[in-house]
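Structure, as structure tokens:
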There are 2 protein chains.
Amino acid sequence: MEDSRAADGGRQRPTLEMVAAEAGVSRGTASRALNGGHNVSRRAMEAVQAAAARLGYRPNLAARSLVLGRSGSIGLVVSESDERLFSDPYFATVARGVHAELMAHDVQLVLALAQTPAERERMLRWSAGRPLDGVIIISVHGADPLPGAIATEGVPVVIGGAVEGPDRDIPGLASVDADNLAGARTAVEHLVARGRTRIGHISGPLDMVVGRDRLEGWRSVVSGLPGGALPTLSVEGDFSEASGAEGARRLLAAHPDLDGVFTSNDVMARGALGALQQAGRRVPQDVAVVGFDDLPGTEGIAPGLTTVRQPVIEMGRQMARTLLTMIEGRPLAERHAVVPTTLVVRETT
Amino acid sequence: MEDSRAADGGRQRPTLEMVAAEAGVSRGTASRALNGGHNVSRRAMEAVQAAAARLGYRPNLAARSLVLGRSGSIGLVVSESDERLFSDPYFATVARGVHAELMAHDVQLVLALAQTPAERERMLRWSAGRPLDGVIIISVHGADPLPGAIATEGVPVVIGGAVEGPDRDIPGLASVDADNLAGARTAVEHLVARGRTRIGHISGPLDMVVGRDRLEGWRSVVSGLPGGALPTLSVEGDFSEASGAEGARRLLAAHPDLDGVFTSNDVMARGALGALQQAGRRVPQDVAVVGFDDLPGTEGIAPGLTTVRQPVIEMGRQMARTLLTMIEGRPLAERHAVVPTTLVVRETT
DNA sequence: ACTCCACATGGGAGCGCTCCCAGCCTGCTC
DNA sequence: GAGCAGGCTGGGAGCGCTCCCATGTGGAGT
């Protein structure tokens, strides 16, 4: 009656103490019976479990976190507009991998958005309070201070993507990235092998390492071509379908003799394909197209697209595994992992 | 050295006790200085804040949750495949509204996935441990026991969508839904007003109330038409673009004289539009099309689409407000809110 | 029969925080 | 100049849990 905390329904929620009393044992025994059951007699075990069930006991996670020093959950932080977050299948796929791995380890995954500067500041303060045992951050733009700041607070961080600059040396910060440079190079070399000489690129955002890396891969191959890497042969996109279409139109406008396009992801390839078709170009006869990603379940995006596959689900799993390793304080084989990509040739080249 | 909890970096993270000592005051005073600052002298206030900054103090959220009985964060639970979650802009939009409202109230939002039965069971156990002060659940299929179960555990629940059956009477469970029945009716009546008599429907999943409600809205209007509501005039979709296209093809196959289509969301309308075009039908001359949703920022999905607008962002905000009201134990004006929709006429009718 | 040990148990300590309350010291009123 | 109200303060209690350790208990070994 006088418990201000009993706002829920009515009576006090059962505590371990109450379960123990109900079962006729002590708190310690009840605790052991409910977790693992080491050094607990069969009789006590059953009594406790029955009592817990009868009372509808649910352990208070805050209390457990307090004494254990960990919460049993980790965060997937996305620094991306929700527009993109929910429209680019890349995030879903990473999340799927992370999720799969964590479920296997009985760790709860929570997604948190950190888009605006205010939200990012808030995220830092929050995570420093240790509601999460570690965080995975995907989609890092520019020289984002957030990952380093969180890691410096002592919360293990894994970045999905590349890490540049001083952040590389923060011990509590690891990363998993695809070999974007090599992947892009393979894609463009494939176009060259198909006899293309006028190869354009529609890049990702250039404030992201991934955007710059794939651009650089393209440039390194194209610069060896007769025409070279003309500035007008690469246009900046933002990974959206619309930007892919727009990019293709701009490439065609500047280079009507365009015969190959490498886009920084498959979604933009879809946009480009549409724009090329509208411009009357046949694919692959007139213009060959290569994308990047090859996410499972997205065949519908651009059927028959030749693309560079990065094993995104497996990368998500690896991010989760890496984070769990750091949380447990075990040594890491490699702090900054780079996973290889494979070219998947289909009908657009 | 002997603290097993110091796995992070090196030394023990600062506690309020240490801040108090550093500032030369007691724990109580330090606590008051850091929260609100009632009954704290200017001198103490400054000393504590300086000490906290010097030590890099971050309050331990688990300890605070334990004593306060609340965590300051709420969950957005999505019982949807991540495929759909990340491909349907609806979720992003709800999330946006919820997020906006919560930020204004200084509450942390976390998203959690509960897709498979195992995950849903896990979600129930987890949320019963009160890591969240309340949850918003969107995308409820069938007679999903999860919302009721969580509410019964004493955790306030708001459902984004309609609630049917016994769950309606659970006090700790509220909902916010669009007036799908009226909205669908308006859409179909508009088609009738445009002189259409052969009006098909591509529904949402019929295991969802929203799918059934919009279907019922269509049926109630169409059944008054000369042709009536032939079973072959409605096909079940799943809110995806592909299912919209497939639905339109099936409608055309069964009814070549089709002159109107109402789809249960805009994404399916896009698919239908594509299929109609492929089949050589002109829109709106031959076939008029009305969608549902009209989400902000999705003009690109189906330009010029006539559709039924539901105020999804505002609905998200309302879900958040409702949940916060319940968490604070204040009475609710209406437990099951239904918000009106508006028809937006554009070029496809 | 006696020792010994493994298992089982209860209860104290303590995680880091907020609340409460008694006590203090001002400064003001009469 | 005594009395009193109020602002500040310190420290105890306690949130619900897990760990640790001292203390039983039984059965196996000699």
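A side-chain donor-acceptor contact under 3.5 Å links B:Ser71 to the backbone of B:Pro131. Judged by distance alone, with hydrogens and angles left aside, the side-chain atoms of A:Arg96 form no donor-acceptor pair with the main-chain N or O of A:Val312 at under 3.5 Å.
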Could you run down the sub-3.5 Å N/O contacts of the protein with nucleotides 18-21 of chain D?
unit_1	atom_1	unit_2	atom_2	d
D:dT18	OP1	A:Asn35	ND2	3.2
D:dT18	OP1	A:Arg64	NE	3.1
D:dT18	OP1	A:Arg64	NH2	3.0
D:dT18	OP2	A:Ser31	OG	2.8
D:dT18	O4	A:Arg27	NE	3.3
D:dT18	O4	A:Arg27	NH2	3.0

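Straight-line distance from the NE2 atom of B:His38 to the P atom of C:dC20: 13 Å, rounded to whole Å. Look at CZ on B:Arg130: it is 12 Å from P on D:dC17, rounded to the nearest Å. When the C1' atom of C:dG16 is taken as reference, atom CG of B:Asn60 falls 6 Å away, rounded to whole Å. Here D:dG16 presents its P atom at 10 Å from CE of A:Met18, a figure rounded to the nearest Å.
Summary of helix geometry: the two end axes of the helix from C:dA1-D:dT30 to C:dC30-D:dG1, each defined by five base pairs via their C1' atoms, are inclined to each other by 50° (rounded to 10°).
When every heavy atom of A:Leu16 is checked against every heavy atom of A:Ser31, the shortest pair comes out as CD2-CB, 3.7 Å. Residues A:Arg13 and B:Glu153 share a closest heavy-atom pair of NH1-O, 4.1 Å.
Of all nucleotides listed (D:dC17, D:dG10, C:dG16), C:dG16 comes nearest to the side chain of B:Ala63.
Residue-environment remark: CZ (B:Arg70) stays at or below the threshold of 12 foreign heavy atoms within 6.0 Å.
If A:Glu17 and B:Ser26 are placed on DNA chain D by their nearest nucleotide, the residue sitting closer to the 5' end is B:Ser26. Nearest-nucleotide mapping onto DNA chain C: of B:Ala62 and A:Thr29, the residue sitting toward the 5' end is A:Thr29.
Between the CD1 atom in B:Ile74 and the NE2 atom in B:His105 there is a gap of 11.5 Å [rounded to 0.5 Å]. Note that the CE atom of A:Met319 and the CG atom of A:Asp177 stand 8.0 Å from one another [nearest 0.5 Å]. One distance of note links CE of B:Met326 with CG of B:Asp133; it measures 12.5 Å at 0.5 Å rounding.
Residues from residues 41-50 of chain B with heavy atoms under 4.0 angstrom of DNA chain D, sorted by number: B:Ser41, B:Ala44.
Residue-level contact check: A:Asn39 touches the bases, meaning some heavy atom is under 4.0 Å from a base atom.
Applying the salt bridge (charged side-chain N to carboxylate O under 4.0 Å, His left out) test to every pair with at least one member in residues 98-118 of chain B, sequence neighbours left out, gives these pairs: A:Arg122-B:Asp106, B:Glu101-B:Arg317, B:Glu101-B:Arg321. Annotation: side chain to side chain donor-acceptor pair (under 3.5 Å) contacts involving residues 165-176 of chain B, sequence neighbours excluded, comprise B:Ser175-B:His336. Here salt bridge (charged side-chain N to carboxylate O under 4.0 Å, His left out) pairs that include residues 30-43 of chain B, with residues two or more places apart or in two chains, are B:Arg42-B:Glu46.
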